[in-house]
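A short worksheet on the structure shown next.
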Amino acid sequence: MNAPLHEWNLLPKDAIALQKQLAKQLELADRIDPVAHIAGMDIGFEDDGATTRAAVVLLKWDPAPAPDLTVVEQIVHREPTRMPYVPGLLSFREIPAALGAFEKLSIMPELIMVDGQGIAHPRRLGIAAHLGLWLDLPTIGIAKSRLYGKYAEVGEARGDWVPLRAGNDTIGAVLRSRAKVKPVFVSPGHRISLETSLDWVMRCLGRTKLPEPTRLADRLASRRGQRTKQLQDSLF
DNA sequence: GCGACAG
DNA sequence: ATCTTGTCGC
């Protein structure tokens, strides 16, 4: 599964054409193996953007006796940044480093939660969808802000959600993952439906806005998250 | 033509 | 995304 450079270093027009082709291969019906492990993935940058830092956190999922998630592995993988950020083409900038991190994982998960959009994208190929296709694994996109789609106001209670739509299609959901806090944008990536995506996000929610897999990956990928963790650890 | 625009 | 302390609120 080595990623040839030509697959990622594309001119915008070619990247856009490729997205349209790949989107046709997405499966939006559930095709998920029994879930034993869930991974969270996020990207951060260092050296003023010169280095891309991919973080993957692997959690063990225990449904009984009480739903529980336990961290079993954490990977941080660094690579030189190869593309600038272009709205709509995020996956070409971040996936290469993400793949490097997944290759270092000793166990592959049955489900991946990605920081970013799934199909809630102008060409239905957000980073979660693109990664799901490449790894051939179920993926869910959980973004902290909107890239594409229209939506009505969401209720204030935790668990309330409204559809995120584009034309006549529902491409995701705007979910109030925590009472009175800005909602998150959930959209299926690959091999999963929106309903199941929402179920998993709710099941992985602690008392924070982001579900555990993405929250932990976020912390591992970001500078401030590392500093905060070290500070907390030093306080025992 | 004028905004909007994941991370 | 990143630069960054304290501070307001549940």
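Every chain is numbered from 1, with letters handed out A, B, ... down the list of sequences. Note that these values count all heavy atoms, side chains included, but never hydrogens, waters or copies made by symmetry.
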Could you check which of dT2(C), dA6(B), dG7(B) has an atom nearest any side-chain atom of S222(A)?
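Nucleotide nearest to S222(A)'s side chain: dT2(C).
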
Whole angstrom is fine here: how far is it from [atom1] in [X] over to [atom2] in [N]?
X	N	atom1	atom2	answer
R123(A)	dA6(B)	CZ	C1'	12 Å
E46(A)	dT2(C)	CD	P	9 Å
I16(A)	dC5(B)	CD1	C1'	13 Å
I95(A)	dA1(C)	CD1	P	17 Å
D218(A)	dA1(C)	CG	P	6 Å
L210(A)	dA6(B)	CG	C1'	13 Å
M41(A)	dG7(B)	CE	P	12 Å
L90(A)	dA6(B)	CG	C1'	6 Å

For a 4.5 angstrom cut-off between non-hydrogen side-chain atoms, does H121(A) reach Y148(A)?
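The answer is no, as the side chains (C-beta and beyond) never meet within the 4.5 Å cut-off.
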
Output, in order, the C-alpha distance, side-chain angles, deciding distance and verdict of side chain to side chain donor-acceptor pair (under 3.5 Å) for E79(A) and T51(A).
CA-CA 6 Å; E79(A) 276 188 22; T51(A) 301; over 6 Å; no

Decide, applying a 5.5 Å centre-distance limit and a 30° plane-angle limit (both strict), whether Y85(A) stacks on dG7(B).
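A stacking contact exists, since Y85(A) sits close and nearly parallel to the base ring of dG7(B).
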
Closest contact, heavy atoms only, [X] versus [Y]:
X	Y	answer
I171(A)	P188(A)	O-CD, 4.1 Å
A129(A)	R124(A)	CB-O, 4.1 Å
R165(A)	P163(A)	NH2-CG, 3.6 Å
M108(A)	F102(A)	SD-O, 4.1 Å
G132(A)	T139(A)	CA-CG2, 3.4 Å

Give D48(A) one of three labels, base, sugar-phosphate or nothing, depending on what nucleic acid heavy atoms sit under 4.0 Å from its own.
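The answer is nothing, as D48(A) stays clear of every strand by at least 4.0 Å.
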
Give one of base, sugar-phosphate or nothing for F45(A), where a contact means two heavy atoms less than 4.0 Å apart.
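Counting heavy atoms under 4.0 Å across all strands, the contact made by F45(A) is with sugar-phosphate only.
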
Please work out which residues in residues 124-133 of chain A have a non-hydrogen atom less than 4.0 Å from an atom of DNA chain B and list them by number.
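By residue number: G126(A), I127(A).
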
Give me the residues of residues 138-169 of chain A where at least one heavy atom lies under 4.0 Å from an atom of DNA chain B, by number, or none.
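A143(A), K144(A), S145(A), R146(A), L147(A) - these, ordered by number, are the residues of the stretch whose heavy atoms sit under 4.0 Å from the strand.
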
Taking atom types as modelled, find out whether S106(A) and E73(A) have a side-chain donor-acceptor pair closer than 3.5 angstrom.
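On atom types as modelled, these side chains qualify, holding a pair under 3.5 Å.
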
Less than 3.5 Å apart, any donor N or O on the side chain of T214(A) or D115(A) sitting next to an acceptor on the other?
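No.
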
